[in-house]
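Quick notes on the structure that follows.
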Number of protein chains: 2
Amino acid sequence: MVKRTSFERDGCPIARSLDAIGDWWSMLLIREALIGTSRFSEFQKRLGLAKNILTVRLRALVDQGILKTAPASDGSAYQEYLLTPKGRGVFPILVALRQWSEEFDERPEEIATILVDKEKGKPVRKLELYSQDGRPLSAGDTALKRRPAGKQGKRATA
Amino acid sequence: MVKRTSFERDGCPIARSLDAIGDWWSMLLIREALIGTSRFSEFQKRLGLAKNILTVRLRALVDQGILKTAPASDGSAYQEYLLTPKGRGVFPILVALRQWSEEFDERPEEIATILVDKEKGKPVRKLELYSQDGRPLSAGDTALKRRPAGKQGKRATA
DNA sequence: CTCTAATGGTTGCATCATTAAACTAGATTG
DNA sequence: CAATCTAGTTTAATGATGCAACCATTAGAG
């Protein structure tokens, strides 16, 4: 992570997410993990990143509770990296990234894969945002409200 | 030109999106732009990044068709940075990032803002993924299929 | 018309993250 | 018990990032 400007203490939840998984490799590691990749060498081969970086990233993801290490599973005495619920919770973010690419990429014909639902094998719908009473919302239909101040007196940026 | 390992030529749409907006500042700049920030100095004050970095990021976003510059609008002879449709298309990604933070952050009480729908002022629903016939899908209910080879050519806007 | 402040950048330099590659060391295979 | 696989650590070179200082333009005051 190149930055010294950490957003941990920022009140913006987007910044906080980016602080956790907003670097180039973490998202791809989680993507791989969702596909089923679980071993150090597998991640390294599939993503082609340097091993020292992979070490650091995996450890960071484990520290953050996004991945967990399991002692073994397929016979060998090595360990596996498995997604936690928090890690699986990244799925919608990845879907959103994918769909943005599908919709706006300049060369969509280069996109190699399609996300389908397993049961029917058909492409999934586009993610949509709804109000509590079920109206579809675009960016312009939303606003940011200050969180009702709880007991915390923590600082927060607008 | 953010990194040496570029994913431009990668077939994974997630990698392609990350290649375009996956750096720490771009997402936050788009977030600000969605809120209404449009001036160089405004971005700089609100995000607190160095001006040279801001220059590079804004130019990159303009080059990618995410932002566009407008000559003026509020009297002053300077330019504004406005979102294109491609830029506004990032909204669901930001919502997904926000909601991940809201759901899994270790100190959710530090989150300062809530995304509400303008009309009712109530929090929005969680983004959900649906199959074409309307069933909600989790990560495990989906699979990746190879894109139907070449013949397809370009996909239209739909 | 000059002085000054604000806006919108550009240029240089130091730092730190990233990379590839070499090296370690235990596990597994043969 | 030699070769190879796994999961790292260490190292040096590279270059992207961040900070500060420096230009250029515009606006306002006098």
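In what follows, chains are A, B, ... by sequence order, proteins preceding strands, each numbered from 1.
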Atom-pair distance ([atom1] on [X]; [atom2] on [N]), nearest Å:
X: A:Leu67; N: D:dA7; atom1: CG; atom2: P; value: 14 Å
X: B:Leu54; N: C:dT7; atom1: CG; atom2: C1'; value: 12 Å
X: A:Lys45; N: D:dA7; atom1: NZ; atom2: C1'; value: 12 Å
X: A:Leu49; N: C:dA20; atom1: CG; atom2: P; value: 9 Å
X: B:Glu42; N: C:dG9; atom1: CD; atom2: P; value: 13 Å
X: A:Gln79; N: C:dA25; atom1: CD; atom2: P; value: 19 Å
X: A:Ile53; N: C:dA21; atom1: CD1; atom2: C1'; value: 14 Å
X: A:Trp24; N: C:dA17; atom1: CH2; atom2: P; value: 12 Å

Flag side-chain contact, heavy atom, 4.5 Å: [X] against [Y]:
X: A:Asp117; Y: A:Lys120; result: yes
X: B:Pro123; Y: A:Gln132; result: yes
X: B:Thr113; Y: A:Pro13; result: yes
X: B:Leu129; Y: B:Leu137; result: yes
X: A:Thr142; Y: B:Lys118; result: no

Respond yes when some side-chain nitrogen or oxygen of [X] is under 4.0 Å from OP1 or OP2 of [N], and no when none is.
X: B:Arg59; N: C:dT10; result: yes
X: B:Arg57; N: D:dT17; result: yes
X: B:Tyr81; N: C:dT7; result: no
X: B:Lys51; N: C:dT11; result: no
X: A:Arg39; N: D:dA7; result: yes
X: A:Trp25; N: C:dT19; result: yes

Task: Candidates D:dT9, C:dT18, C:dT10 - which lies nearest the side chain of B:Thr55 - done: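 The listed nucleotide nearest to B:Thr55's side chain is C:dT10.
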Determine the contact category for [X]: base if any of its heavy atoms lies under 4.0 Å from a base atom, sugar-phosphate if only primed atoms, P, OP1 or OP2 are that close, otherwise nothing.
X: A:Gln44; result: nothing
X: A:Ser41; result: sugar-phosphate
X: A:Phe43; result: nothing

TODO: Report yes or no: is there a donor-acceptor pair, N or O only, under 3.5 Å between the side chain of A:Asn52 and the base of C:dT18?
DONE: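 Answer is no: no donor-acceptor pair is held.
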